Number of protein chains: 2
Amino acid sequence: MTNLSTTSDDILACARSLIIAGGYNGFSYADIAEVVGIRKASIHHHFPSKVDLVRTLVFRYREEARAGFAELERTAADPRDQLSSYVGYWEKCIADASAPFCVCALLASELPVLPAEVAGEVRLHFETLSEWLTSVFERGAEVGIFRLSNPPQAEAEAFMAAVHGGMLSARVHDEALRHDHRFDARSPLQLTQLGHHIRPHSTYQLVDRENDDN
Amino acid sequence: MTNLSTTSDDILACARSLIIAGGYNGFSYADIAEVVGIRKASIHHHFPSKVDLVRTLVFRYREEARAGFAELERTAADPRDQLSSYVGYWEKCIADASAPFCVCALLASELPVLPAEVAGEVRLHFETLSEWLTSVFERGAEVGIFRLSNPPQAEAEAFMAAVHGGMLSARVHDEALRHDHRFDARSPLQLTQLGHHIRPHSTYQLVDRENDDN
DNA sequence: CGTTACCTACCTAATAGTAGGTAGGCTGCA
DNA sequence: TGCAGCCTACCTACTATTAGGTAGGTAACG
């Protein structure tokens, strides 16, 4: 029951939200130090270098993601529900601004200038995500719930791209609302949410349910 | 015919490709100086501050984009062709690695830590792109070429998100090919191309053409 | 003669990272 | 019980390097 040394967890959590805001080069040890309430040098005690910090950060992120997929495999047997739960998860993260972007999606955009060890972790996340989504589409097709117009892997890639691009759009719309109030009139507030930027269900054909009225 | 002072253009071009590689905080005046073959201080002669540089860079980018949309309006009357030309443009940029990412898409990912003036320009690009795509879908629906399952603006947002997310995936796969040769066996080389990550045609329903065999 | 385009030489702040020290908490042992 | 030894977690104070930016000079040119 001893929450012994949560400091390194605090550092990781802080670094995560800083990365979500501005990527690898968008934050410094000084930024973390100020938030966590510790000295710069103390961060080096926990994470000798910035690469160490971000590599373990992304590794943990990958672990959480894998755990999330496994959880969805257990709790939501229906591929439809698995996909909508996945999107719903990000809907929530964006809506409550707790983590309005995928750490790996943001880092992926800077991939060419990322330290090799970090880049490797980021690539692995994309692999994991892509493989899980592919398996969902495969099973959906096998069970007869999805009528795919492309191979499962292609559908998975398209789905993933739609979600990642939706995060970008949501960020832009969110920032627009913050700084440009004229924007309010043109776009409803809900545009900051993921679901209004992607049409995940149009990347595949749903076989009609019996009760499909809502 | 005088190509007077191409230096500032060189600086802008160099900065553009550096931003495409790693975003706003991923490059410095020193990087530009080395590539252009000029001293750091001389860049300040052309662009007093980094914000000036990037703001005009994004402004020009927006102008080029608007010009491109106008060109597509003239040359490709069919909304189908307009959309596929747009995607094709990015296909080419990614395939020949000339500009494997949209400047504004990359900057948008760092939006929260961007200087306000740059952030504003980035938002304006998204607005322009979104409006143009909306008009394409609108016209396509009016003419009877598209059967939309969502309002034109929603289709436009989804289309845009698919393209942006596809750029991300293409970047990850490209980097994977560079550094992880085992990857070759699993994913064909073409996965670095946009078209294999998005299914733009599945975001809307095409009314069947007469000759729809290819 | 003034403007443009560049230079050298600097500045200040911030970057990641290091050296070395201290306070306190365990462990082992006489 | 008390003390030695060690470890963890932090600190202050520093380093070298890089960041964006400035001051002032010079050479070419219309």
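From a predicted model like this one, the values you see are computed outputs, not experimental measurements. Just so we're on the same page: letters track the sequence lines, and every chain starts at 1.
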Atom NE2 of A:H44 and atom P of D:dC14 are separated, to the nearest Å, by 17 Å
Separation of C:dA16 atom C1' from B:N25 atom CG, nearest Å, is 15 Å
**Asked** Is it true that atom CD of B:E34 has more than 12 heavy atoms of other residues, nucleotides or ligands lying nearer than 6.0 Å?
**Response** no
Practice prompt. Check whether any side-chain N or O of B:S42 sits under 4.0 Å from OP1 or OP2 of C:dC7, and answer yes or no.
Written response: yes
Between CD1 of B:I11 and P of D:dG21 the distance, given in whole Å, is 14 Å
Report task. Could you tell me whether B:S28 contacts a base, only the sugar-phosphate backbone, or nothing, with contacts defined as non-hydrogen atoms closer than 4.0 Å? Result -> sugar-phosphate
B:E34 atom CD is separated from D:dA19 atom P, nearest whole Å, by 10 Å
Correct closest heavy-atom pair for B:Q153 and B:T134 would be CA-OG1, 3.6 Å
Taken to the nearest whole Å, CG/A:D31 to P/C:dA16 is 8 Å
Between B:Y29 and the options B:H46, B:H44, B:H45, the ring pair (Phe, Tyr, Trp, His ring centres under 6.0 Å) test singles out B:H44
When rounded to whole Å, the NE2 to P distance for the pair B:H45 and C:dT3 reads 13 Å
When rounded to whole Å, the OH to P distance for the pair A:Y29 and D:dA13 reads 22 Å
Original post:
Can you find a donor-acceptor pair, distance only, under 3.5 Å between B:K50 side chain and D:dG21 base?
Top reply: no
Note to self: In the structure I gave you, are the side-chain heavy atoms of B:F126 and A:H173 within less than 4.5 Å of one another anywhere?
What the structure shows: no
Separation of D:dT8 atom P from A:R39 atom CZ, nearest Å, is 23 Å
Checklist entry - Looking at B:T7, does any N or O in its side chain come under 4.0 Å of the phosphate oxygens OP1/OP2 on C:dC6? => result yes
Check: So what does B:F47 hit on the nucleic acid, given a heavy-atom distance under 4.0 Å: a base, only sugar-phosphate, or nothing?
Finding: nothing
The nucleotide from D:dA9, D:dG21, C:dA16 with an atom nearest the side chain of A:K40 is C:dA16
Review point. Which of parallel (below 30°), tilted (30 to 60°) and perpendicular (above 60°) describes B:F159 and B:F137?
Key: perpendicular
